[in-house]
Structures are given as structure tokens and as C-alpha cells.
Amino acid sequence: MSILDILIHPDPRLKKRCAPVTGITPRLQKLADDMLQTMYDAPGIGLAAPQVGEMTRLIVMDCVKGEGEAPRPMALFNPEVIWSSEETSIYEEGCLSIPEHYADVERPAEVKVRWLDRDGAPQEEKFDGLWATCVQHEIDHLNGKLFIDYLKPLRRQMITRKMVKLKRERARL
Ligand code: K1U
Ligand code: ZN
């Protein structure tokens, strides 16, 4: 398995809608495995394919938090929200493409999601808590949307300016 480079905002690939997967190939299975390894290495609780420059509808996540709890690595191809709760919850979100910036985002507290698993089998599951926040954040990535798009323009612009500066500094190293 390999650790992939994570794109940093602003990058045009993070603003584009990704194409659906038409069949689960060994290349896509390796991409899912590499994305999981990249996510654990970061560390993070989720990662979407466009964050590693792959414009395809694939996300990975593992929101198991407890010490001693078994990890639950998940790879979701073509994930879609098929039901959202009226009840919302607010969670302080971060993003591996916007390092060191966090903000409260309000989203449906529970969502039911349909996807194809690593073997191409259809799956459905209701997510709540951090899992619900994370799966919505990752599906947003597939539609070219970042958590800062939920913030007021001034705060979004301030974060974007800081990211431009960070990218310039990293490029100089
Ligand atoms: O999509 C991403 O950039 C990954 C992101 C997912 C996410 C975090 C918080 C709310 C919604 C979605 C991250 O994983 S940021 C890092 C992070 O949250 C974390 C890192 C280490 C331990 C626990 C959490
Ligand atoms: Zn993100």
C-alpha cells in the first residue's frame, strides 16, 4: 500500500464534481486501500478521492474513536444520501485539505446512505453522530464542496488566504 499526497485548498480539483464509478476494478480497490492508509497516516477520520487528485466517486472513513475499540475501515463507491433527518447537529469540522482550520457546521443529525462496497455489492446504512457528519463532509467533497463553503464569505476568504500562504511556504521548502 502507498501513502498518497493530499491536495491543499485552493486547488481546482477540489471544486469539481466527480464522475460515478461504472465498475469496481483492481485499480479502484487499490486506490481505496491506499486512501485508507493515507487517511490513517494523516491522521484523519475520512478522505475523498478528489483530495488525492482522483476525480471519481469514492470515499473512505473510519470514525471509531474509543481506545481498544476495533477499527472499522470503510470504502464507499458512488455513495448517495437517500434519507436525512429533520433534526440537525453541529460539529466542529476539520479537513485534511485545509489543515489547522476548524469551524462549526450544521448538518442533518442522521442520514441513510446507499453505496457499492469494495466488492461491488450494494449496501445501505443509517449513520448518526460523528459518522453522519463525516459521511456528509466526504460526499460534499465528491460534489466539489468544502466545509468552508458553509461559512460566511469573510471567514472563508480569510482561511483561503492563509492556505495560499501555506502552499507558497511549502513550495519553497
Ligand atoms: O475529509 C477530510 O478532509 C478528512 C476530515 C474528515 C472530517 C473531520 C471532522 C468532521 C467531518 C469530517 C478529517 O479527518 S480532519 C482530521 C480529524 O478530524 C481527526 C484527526 C485525528 C483524530 C481525530 C480526528
Ligand atoms: Zn475534507
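Only this structure's heavy atoms are used, side chains among them; waters, hydrogens and symmetry mates stay out.
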From L146 CG over to I159 CD1, what is the distance, rounded to the nearest 0.5 angstrom? 10.5 Å

M61-L142 co-clustered via ILVMFWY side chain contacts under 4.5 Å: yes

Using only atom types and a distance under 3.5 Å, with no angle test, would you say the side chain of Q29 pairs donor to acceptor with the backbone of R118? yes

Is it true that E80 and R57 make a salt bridge, defined as a side-chain N closer than 4.0 Å to a carboxylate O? no

Heavy-atom nearest pair, G46 first then C134, reads CA-SG, 4.0 Å

Starting at OG1 of T25, measure out to NZ of K30 and round the result to the nearest 0.5 Å. 12.0 Å

Per side chain to side chain contact (heavy atoms under 4.5 Å, CB included), V105 is matched among E93, E92, Q136 by E93

Give, for atom OG of S97 and atom CG of D11, the distance between the pair rounded to the nearest 0.5 Å. 8.5 Å

So H101 and I148, side chain to side chain contact (heavy atoms under 4.5 Å, CB included) or not? Walk me through it. CA-CA 9 Å; H101 290 271; I148 55 169; 6.0 Å; no

Take R107 and D140 through the test salt bridge (Lys or Arg N to Asp or Glu O under 4.0 Å) and record every step on the way to the result. CA-CA 12 Å; R107 300 180 185 271; D140 272 356; 3.0 Å; yes

Are the side chains of R156 and D149 in contact, using a 4.5 Å heavy-atom criterion? yes

Would a 4.5 Å heavy-atom cut-off, applied to side chains only, mark T56 and C18 as touching? no

Taking D62 for the side chain and R72 for the main chain, is one N or O donor matched with an acceptor at less than 3.5 Å? yes

What about L7 and L47, same hydrophobic cluster or not, with Ile/Leu/Val/Met/Phe/Trp/Tyr joined at side-chain heavy-atom distances under 4.5 Å? no

If we ignore angles and hydrogens, is there a donor and acceptor under 3.5 Å between the side chains of Y91 and D104? no

Could you walk me through whether I139 and V111 pass side chain to side chain contact (heavy atoms under 4.5 Å, CB included), step by step? CA-CA 12 Å; I139 292 174; V111 285; over 6 Å; no

Ring of W83, cation from R114 - is the NZ or CZ under 6.0 Å from the centre and inside 45° of the axis? no

Donor-acceptor pair, Q51 side chain versus A48 backbone, under 3.5 Å? yes

Within a reach of under 6.0 Å around CD of E100, are more than 12 heavy atoms found that belong to other residues, nucleotides or ligands? no

Min side-chain heavy-atom separation P122-W115 under 4.5 Å: no

Heavy-atom nearest pair, A75 first then L58, reads CB-CD1, 4.4 Å

N143 versus R17, side-chain donor and acceptor atoms under 3.5 Å: yes

The test is side chain to side chain contact (heavy atoms under 4.5 Å, CB included); show your working for V60 and T38 and say whether it passes. CA-CA 10 Å; V60 297; T38 304; over 6 Å; no

Closer than 3.5 angstrom, by distance alone: can the side chain of K167 be matched with the main-chain N or O of I8 as a donor-acceptor pair? yes

Co-membership, hydrophobic cluster, residues F147 and L96, 4.5 Å side-chain: no

With a 4.0 Å cut-off, would you call K112 and D128 a salt bridge? no

Closest heavy-atom contact between A103 and L151? CB-CD2, 3.6 Å

I would like to know whether M163 and I98 meet side chain to side chain contact (heavy atoms under 4.5 Å, CB included); could you show each step before the answer? CA-CA 7 Å; M163 288 297 105; I98 310 175; 4.1 Å; yes

Tell me whether L31 shares a hydrophobic cluster with L116, the cluster being built from Ile, Leu, Val, Met, Phe, Trp, Tyr side chains joined at under 4.5 Å. yes

Heavy-atom closest pair, residues V21 and N78: N-OD1, 2.8 Å

Mind checking whether L76 and V64 sit in one hydrophobic cluster, side chains of I, L, V, M, F, W, Y counted as touching below 4.5 Å? yes

Tell me the closest heavy-atom pair linking M35 and V52, and the distance in Å. CG-CG2, 4.0 Å

Any side-chain heavy atom of D119 sitting closer than 4.5 Å to one from I24? no

For R27, all residues meeting salt bridge (Lys or Arg N to Asp or Glu O under 4.0 Å), sequence neighbours excluded: E54

Can you name the closest pair of heavy atoms from P50 and L14 and give their distance? O-CD2, 3.8 Å

Does the plane of the ring in H141 sit parallel, tilted or perpendicular to the ring in H137? Use 30° and 60° as the thresholds. perpendicular

Can you check whether V113 reaches E124 side chain to side chain, under 4.5 Å on heavy atoms? no

Quick one: NZ on K126 to OG on S85, what's the gap to the nearest 0.5 Å? 8.5 Å

